Each structure stands twice: as structure tokens, then as C-alpha cells.
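Below: the structure, in C-alpha cells.
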Amino acid sequence: MATGEKRKYKVIGTRPLRHDGVDKLTGRAQYGADIRLTGMLHGVVLRSPHAHAKIKSIDTSAAAALPGVRAICTSADFPDQVGRIVELGEGAVNMRHLSANVMAHDKALYKGHAVAAVAADSIHIAEEAAKLIKIDYEPLPPVMEVLGAMRDDAPLLNDDVRMTEMGTVKPETKPSNVAAKFLFTKGDVTAGFAKADIIIEREFRTATVHQGYIEPHNATVLWNADGKVTVWMSTQGTFTARQQTAELVGIAVSDVKVVPMEIGGGFGGKISVYLPPVAAILSRKSGKPVQIQMERAAVFEATGPTPGSFMRVKVGATRDGKIVAGEAWIAFEAGAFPGSPIAPGCMCVFSCYDIPDARVEGYDVCVNKPRSNAYRAPGSTQVAFAMETVVDEICEKLGVDAAEFRIKNGAKEGTRRVDGPVYHRIGMIETVEAIRDSEHYQSKLTGPNRGRGIATGFWFNAGLKSAVVATVNLDGTVSLIEGSTDIGGSRTGIAMQLAETLGIAAEAVKPQVADTDSIGYTDVTGGSRVTFATGIAAVEAAKEIQKQMVERAALLWEVDSASVKYEDGKVIGPAEKSFSFAELAAKIHEVGGAVIGHGTSSSAEQGGAFGTHCVDVEVDPDTGKVQILRYTIAQDAGTAIHPSYVEGQMQGGVVQGIGWALNEEYFYDDKGVMRNATFLDYRIPTCYDVPMIETIIVEVPDPAHPYGVRGVGEVPICPPPAAIANAIHAAVGVRMRDLPMSPPKVCAAVMQKK
Amino acid sequence: MSKKRVVSATINGNTTEFLCEPRQTLLEVLRNVLNMTGTKEGCTNGNCGSCTVLLNGRPVTSCLVLAVEADGASVRTIEGVACGSHLDPVQQCFLEGAALQCGICTPGFIMQTEALLEQNGHPTEADVRFHLAGNLCRCTGYDKIVRSVLAAAEFKRGEATT
């Protein structure tokens, strides 16, 4: 269902079949692990069994002697890196730390940390060889939890990490696990709380969780005799993968070509590189192409996760339901190296509300877990869980409707966030209104142990850089080349924007994702940016084509091009002369060469995305199991280009959020070993766990995009944990403040209440 | 390393002979020996369902089947679902219903759905959710998959009566 005015577009808002659909439905689509090269070797990475240990020596001689082994590498094969900070498009990284993450230097910092790798004629020989590598470890005590790691007497992970405060290090600062501190303030928080009639302050914890993409990481690399390196891989960003790989192996960026294979899910976890530099070194040493595919356990133990957290949130409101002040103290687990999304977490905690006085303090803290990475609206889900359950408690205490409270206090155009920026046109309040007015929210929920909850979430949405090239074919179609890897149907969304601008059918555009030598620089597929920013580039390319088509028509008609215009998919000249796009396309070579349009996008900034969710749950008081009975999501998509894939993003985000809320967690033993590194024990939702997810697409167009697009991918994951916690409270009267809200925890809370 | 064995199986209707080591799984042979990479690997321990194929008509996770066990068996994979250039009704309904995003789990879901609709031409939503619970999808939230399976069942019923 779409709200708003009558459709003014021909292509946008329709539901064409996706261009890559048949390939993916018939098994023909080539994902990263599907490429086969002549003479290709198979690689295996040997990983640390310890969560924290000194690596005293590595002896690879027995492995090297095994027949069929072609190359072995350790960190000694990688060039030294200085601690330079490099922007990867969705977060920055210290190159020395990235190198040490790809292959451990002198210390293993988490169970599963790569320490050596082997390439052999078959995967089985490589596995046998890896077992023959002898490593002398000196185990050290691990620190697994964020508050523990902040203590002065905590085991220290990195001796080169000193706390930065808002980006700078004070000279006297000693090495510590606390890598960064952020502080954002707005107004006078003490004076703000003095105006409050009610103040709620609560503490929250969330577990480490994984993005859980079904396709494991993979890389196939050929280091050719001419020094040129080609990488075939599934990645969210070919250009960042190129840069990371080039820098980590010490060659020029232009000597690396990254070929994007189809990607089997990423959700933020396929931006940092793990395997390409390793496979590159093995290829250089063996002279053959090397393919490495991660095992599932390694995917859990060594990639991904999004931080576990500790949060304290305090909100004050007046008796008539106006929020007057907010304060938050947040600590995120960075994992082995600095770089958790603590800054966006701090910026998001109060982002849904217009709060006059606020203060947010946040810490990025190293612990002996895999280095954390972006996961769908990184940092926002954790803080939404905390803030939105505090808001629910205020509504409960004041006796006001949770939707009306959010409408009264909601952020809108002109609201200044605690970190400074002032919102442009946004649709926060519209999403709450859509939920309030929905049949779901208006319906009566009956039955014992059942309850309803709502929550709202925010994500910034990124702009960044994109490039496309579009070429007119003589048969009236357009070949579209883009640099944005397509995780969920974005080829079609970009093609539709080009088609709309040219006035041709979506099917007449042939989109293709190209390698790094074949298209201009394009940032990662992340930050909900592709439909927005690559869309802007496609519209620009289409306008360039329009201009050239006008010139061609003028030449054909032998008239001044100023008397020709492009309108509604037609080129119209004087004296009722006109060409359809296809008619003119067939004639372009009569008066010139190829018609090619280029488009880039670099500086556009999105206005931000909001969503409000409503969920009904039933709690089994004997087992603590929470069943989702009904779920509705209302989200501002700006303008929905392809409504099916907008709904798909919303539904997928919700179900990931349900998993985070109810089941998913890294379960570590006291030695820092993850005990549930399989999809059986790290339990993501199955289709048996969830109902249909009802969607309401709200459309408040973003003025920064020619068609009003807002990215839709990330924000749907933010509200579910809070909405479900609020529904559990409505059902059985307990407040859950610790994720996941798994059966044992819910059961214990219900028992305690009795 | 044990000696390689000769295995003969009917794969997508064609009698196929291949050499494999006894330790190689059916998934590994399909992908790395026969170059049929449409069957996907997600976990290699039977938890995700991406590698689902039909072995003598029954859905199995091919990562948990040894290739030598396929000797004399009939195997159907995603490559054998479409008929020439025509999509099967299940594939067509998935395409029209936008039931895939990244697509890595899709071959497994298609094979599992083929097995379901063989046994049960009138599945309810609950039947579909129960039958597909061994196949993980991280992108879609399952809504459009379940709807597409129901649509495929309806389409096949219509086909059967005409």
C-alpha cells in the first residue's frame, strides 16, 4: 500500500521483473565461490584456537613437505603497515590493524583469528597441511565484556591503542582497551531535567550478533606474472576491496582489478576484506590462481559481528507528555581492534525526538572478539532498544498513548539532533501516524499473555560517490553499466530511474555491474545509498543521453537543435516532426557514433529514514517463549521506486530484528571460545518462527533526490527489539532490558514477578 | 587418500558417470567435479538448506550426502528445474513474487518447494512454513517466499485441471 498523491510516474512505482531474476532462479548466476579457473588451487586459513595469546613461533616445514602443497603464508609475507587511517566508505580503518586482522602479527586477539594459510591442489590436501603447521602459543587471559575491558586492570589487547577524544589523543594517555570517547551535548541537560515531572533511567545490555549472510566470504585471486592482480569475489564494494587489497599486499591500486561476482548477502559484513590479500600472497608464491572460501564456523568466529553493548539511558518528561531532557552513556564492544559504530550509536539514541536538552557519552572498547563491522544501520538498533523502551515506560507511567506521545515529541524538519545537524524534510511523524491509523493498531488484541508494542527507529542514510555509464543500442534499448554491487535487486531500481528519465520501459534498460577497470569510482553498497546515489548518477546519465538524442535528431532533420526538445520518451522537432526513442535510436549511426551518457553522484546528502513498527506477541509464561502473532511496519521510503523490493527490504530488516530481539547471540565460554558457531546453535529466524510482515510504505519525498528517493535498506532493523520488549511488557508485565529476550531470560523475569 | 571410485547416477535425467574420493560429498562433486555450481554452499553441516537437491525424489542437504551414496540414484538439481527456456511454475512465481533478494538461498528453496508440491498440492501457509523451516533466508523475511510458494501451488492446480 502506498500513501500520498496519485502516481505521476510511468516506470517508478511499478513492479517490473528484476533483470537478474532468471539467472538467480535457474542456478546460472555466478557467485563468488562459483568461478573456476584453469590450474586453480584451493586455500585454507589456519586460525587461532585461543581467544588471546602471544604467537611465539610458527613452523610450517611439515606442511610445506606434504605433496600437493603449493604455497604457505603467514604475517611475515605481508608488508609492514603504518597506522594510517583509511576511509572505507562505511567507517574508517587503521591499516596496521586491518593487516593484523587479516593475518595475526605477534598476537592472536580472538578465537578464529587467522595465523597462517595454505594453498594446495585440493581443499582436502590444504586442510591436512594446515593441521601440520606448528604454532607455539602463550595463552593470555581474555577479556570478553565491555565494562570489564574498560577497567584499568583489564588484560590489554593492543599496545598501540590509546583513547582518542572526539578524534584526538591527549599526550599523557596510556595504552588501553578504550579506543575512543565521544561526547555530544545540546542545551543544558541539568536545567532540562529540572523541568521534568517524571524521569526514567534504565540500564541495558545487548549481545554480540552476526549479520548472518548465507554466503560465506570467498575470494579467488590471480597474481599474474606481469604483477597485475585480479580478484574475483563477492563484496559490497569493489573499489574499497581493491584499495584494501592493494595496500595490504603493497602494490599500486591500479595494479589490482576487482571483479564483482554475485553476492549472497552482506548487510555491512562484506566491506572489510579478509581473504583477498591472503589469496593474493598465496597466488604470488605459487604462480597459480588461488580460491579460498571461509567455513561457516570461521564466518561466525572471525568476521562480522555487530557490537555487544552496555547502555544507560535517562529521559525526563513533563506531566503533559513532553520530553524535556535526555542523557545517555553508551559503551560498544569494538572487538579485537578499534572501530565499533559508537559514534553513530551516540548520534542515533535521541534521533527520533525533538529534545531541547541532551547529553550523550560513548566509548569504543576492544575485547577479545572478532573485529566488529557494520551491520544494517550500525549502532542504531542497540540504542533504539534502550531509548524506545524508556519511552514506552514513560508513556505507561503518564498513561498516554504510545503513538500520540511519539507524534507529540517526534523529530521534524528543523529539529536539531544532539550531534548538531538540523533535519531537512523527514517523515518520522508520518510513520507513527501511519501505524496509529492502521487496522492493526486500531484492532483489539485479546487473549491471555498477549500484548502489543510499538517503537520507532532512525538511520541517517548515506550519499557518497557513484558512477554509471549508459549506451544507447540501435534497437532502442540502453545498456547501463554501474559500479554498485547488487545485493537485493538494486540493478532494477537503478534501471527504472534511467528508464523513467528517458521515458522508456524498465525492460528496455540492460543493467550490468562492472569491475573496477570498467567503471568510475563507486562507494560501497551500504548506508542505504545505492537507489539514492547511484540513482542520481543514472538520472544524470539519462539527461546526457536526452541532450545527445536531441542533437542527433536535429542533424537528421537538418534543423537547429534549439528547436528540438526531448519530452515524454519522444524527440520532438519543428513542424510536428517527432521520433520515438526507438525510432531515433535506430538512426543515430547515420549522423554520428555511439550515444553514451555518463553520470556521477558525489555530494548529495540524504535526509534520513524513519520507520515505526507495531507488533503483537504471545508469551508462554511457563517456557518464556515469545511468539510473534502479528507485525506491521510503516516506513518512509521517500518515493518507492520498485515497491516489491522496498517491501522486501522492510520485511527482511524486521525479521533480522526479530532474530536479534529473541534468539541471536554469541555464546562464549570462560576461555573466550564461541560455543555456538553454527546456524543450528546461532539461531536466525526460520520461516516457521515468523508471520507475514505487513508493510505500509509512507512516501515523504526527499528533496535531495530528483524523484524523492530515500534509502530503505537499513532502518527496518532498528525498532523490532524495542517494539517486541514493549509488547512483552504489555503481555506479561515485565520489562526486558537484556538482548536477546530468549526463553530462559523471559521465563526468569516472569517467575521473579510472580 | 583412498582410491577414487566410479559413481554412476542419473542427474537431471541424464546418466552421468564421475570419479570421486569416498570422502567427497555430493555437494562437492556437483560443484567441483561436475561444475554444476547452481547448488549453493552455505554451511556444509546441513543447517542452512542452500545445497538442497532431490535424491530419488526426496529433498536432502547435499553437503551431508557422500557422493558415493548417489551411485545408482536419481538426482535432481536446480539446473534441471527449468524446461529448456521455460521456467518451472515455482521459478516463475518466485520471479513474479519478488521472492529473492541476494538469491543465494533461492536454489535450495526452489528444490524444497518442488518436493513439497509433489507431496501436497494444497498446502496451507502453515504447511509451507513447516516444510521450508530447514531452509534459511536472511534477506526476505520469508513473506514473499511463502506467498510465492502458495501461488505456485495454485498455479499448478490450475494447470492440472486444464
Side-chain angles (χ1 to χ4, degrees), chain A residues 15 17-18 20-31 33-36 122-125 211-216 262-267 293 295-296 486-489 642 644-645 647-656 658 678-680 684-693 695, chain B residues 1 21 23-24 28 31-32 35-50 77-79 81-82 87-88 90-92 94-108 110 125-126 128-130 132-147:
Chain A
R15 301 177 189 240
L17 300 179
R18 62 190 284 169
D20 54 336
V22 170
D23 278 350
K24 286 178 177 166
L25 285 156
T26 54
R28 289 200 188 284
Q30 292 271 298
Y31 291 76
D34 297 339
I35 187 160
R36 302 284 176 268
S122 84
I123 185 80
H124 302 290
I125 296 170
Q211 294 86 344
Y213 29 80
I214 306 297
E215 179 203 37
E262 296 295 346
I263 170 172
F267 314 109
Q293 183 170 6
E295 321 84 83
R296 177 54 56 182
D486 179 358
I487 308 193
H642 192 309
S644 295
Y645 290 94
E647 293 158 5
Q649 289 294 326
M650 291 161 71
Q651 291 161 335
V654 164
V655 171
Q656 282 188 330
I658 290 172
T678 69
F679 269 138
L680 189 65
I684 72 172
T686 74
C687 62
Y688 201 59
D689 297 318
V690 292
M692 295 296 187
I693 308 298
T695 56
Chain B
M1 203 193 316
E21 293 173 36
R23 64 182 170 185
Q24 286 184 298
E28 189 184 343
R31 291 181 53 83
N32 294 347
N35 271 328
M36 296 169 71
T37 56
T39 303
K40 300 303 178 194
E41 176 182 322
C43 70
T44 62
N45 54 11
N47 294 331
C48 79
S50 298
T77 72
I78 187 67
E79 286 91 348
V81 174
L87 292 182
D88 173 90
V90 176
Q91 293 169 317
Q92 188 65 35
F94 269 58
L95 180 60
E96 288 171 6
L100 60 151
Q101 283 177 31
C102 83
I104 196 85
C105 70
T106 307
I110 300 271
E125 183 190 331
V128 172
R129 289 188 182 277
F130 184 78
L132 297 180
N135 290 67
L136 298 178
C137 169
R138 191 60 157 172
C139 294
T140 64
Y142 303 105
D143 183 299
K144 292 185 193 307
I145 292 177
V146 173
R147 288 179 199 278

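Fair warning: this is a prediction, and the values are worked out from it, not measured in the lab. Letters go in sequence order (proteins before strands), and every chain restarts at 1.
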Worksheet item: Is the side chain of Gln101(B) donor-acceptor paired with the backbone N or O of Gly648(A) at a distance under 3.5 Å, no angle test?
Response: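 Yes; at least one donor-acceptor contact below 3.5 Å.
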Discussion item. Donor-acceptor pair, distance only, cut-off 3.5 Å: does the side chain of Gln91(B) make one with the backbone of Leu25(A)?
Written reply: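 Side chain of Gln91(B) to backbone of Leu25(A): a pair is present.
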Please state whether the side chain, the backbone, both or neither of [X] comes within less than 4.5 Å of a heavy atom of chain B.
X	value
Ala33(A)	both
Gln293(A)	side chain
Glu295(A)	neither

How far does [atom1] of [X] sit from [atom2] of [Y], to the nearest 0.5 angstrom?
X	Y	atom1	atom2	value
Met650(A)	Asp143(B)	CE	CG	11.0 Å
Ile123(A)	Glu28(B)	CD1	CD	8.0 Å
Glu41(B)	Asp34(A)	CD	CG	10.0 Å
Thr686(A)	Tyr142(B)	OG1	OH	6.0 Å
Ile263(A)	Cys102(B)	CD1	SG	8.0 Å
Glu96(B)	Leu17(A)	CD	CG	6.0 Å

Among [options], residue most engaged with chain B (heavy-atom pairs, under 4.5 Å):
options	value
His642(A), Glu262(A), Arg28(A), Arg18(A)	Arg18(A)
Tyr213(A), Phe679(A), Tyr31(A)	Tyr31(A)
Gly488(A), Ser644(A), Gly489(A)	Gly488(A)
Gly21(A), Gly212(A), Gly265(A)	Gly212(A)
Ile658(A), Val654(A), Ile684(A), Val22(A)	Ile684(A)

Worksheet item: How far apart are the C-alpha atoms of Leu136(B) and Ile214(A), what are their side-chain angles, what is the distance that settles it, and do they pass the side chain to side chain contact (heavy atoms under 4.5 Å, CB included) test?
Response: CA-CA 8 Å; Leu136(B) 298 178; Ile214(A) 306 297; 3.9 Å; yes
Fill in: Sidechain N-carboxylate O distance under 4.0 Å for Arg129(B), Asp689(A)
no
Worksheet entry | For Arg296(A), all residues meeting salt bridge (charged side-chain N to carboxylate O under 4.0 Å, His left out), sequence neighbours excluded |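 Testing Arg296(A) for salt bridge (charged side-chain N to carboxylate O under 4.0 Å, His left out), a comparison that skips the adjacent residues, returns none.
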Worksheet, complete the sentence: Greatest number of non-hydrogen atom pairs under 4.5 angstrom with chain A, of Thr44(B), Asp88(B), Asn32(B), falls to Asn32(B)
Which atom names give the shortest non-hydrogen contact between [X] and [Y], and what distance separates them?
X	Y	answer
Leu100(B)	Tyr645(A)	O-CE2, 3.4 Å
Ala133(B)	Cys687(A)	N-SG, 4.0 Å
Pro216(A)	Gly42(B)	CG-O, 3.7 Å
Phe267(A)	Cys139(B)	CZ-SG, 3.7 Å
Ala82(B)	Thr26(A)	CB-CG2, 4.2 Å
Pro685(A)	Arg138(B)	CD-NH1, 3.8 Å

Atom group of [X] that falls short of 4.5 Å from chain A, counting heavy atoms:
X	value
Leu87(B)	side chain
Asn35(B)	side chain
Thr140(B)	backbone
Ile110(B)	side chain

Discussion item. The criterion is ring pair (Phe, Tyr, Trp, His ring centres under 6.0 Å); which residues satisfy it with Phe94(B), sequence neighbours excluded?
Written reply: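 Residues passing ring pair (Phe, Tyr, Trp, His ring centres under 6.0 Å) with Phe94(B): none at all.
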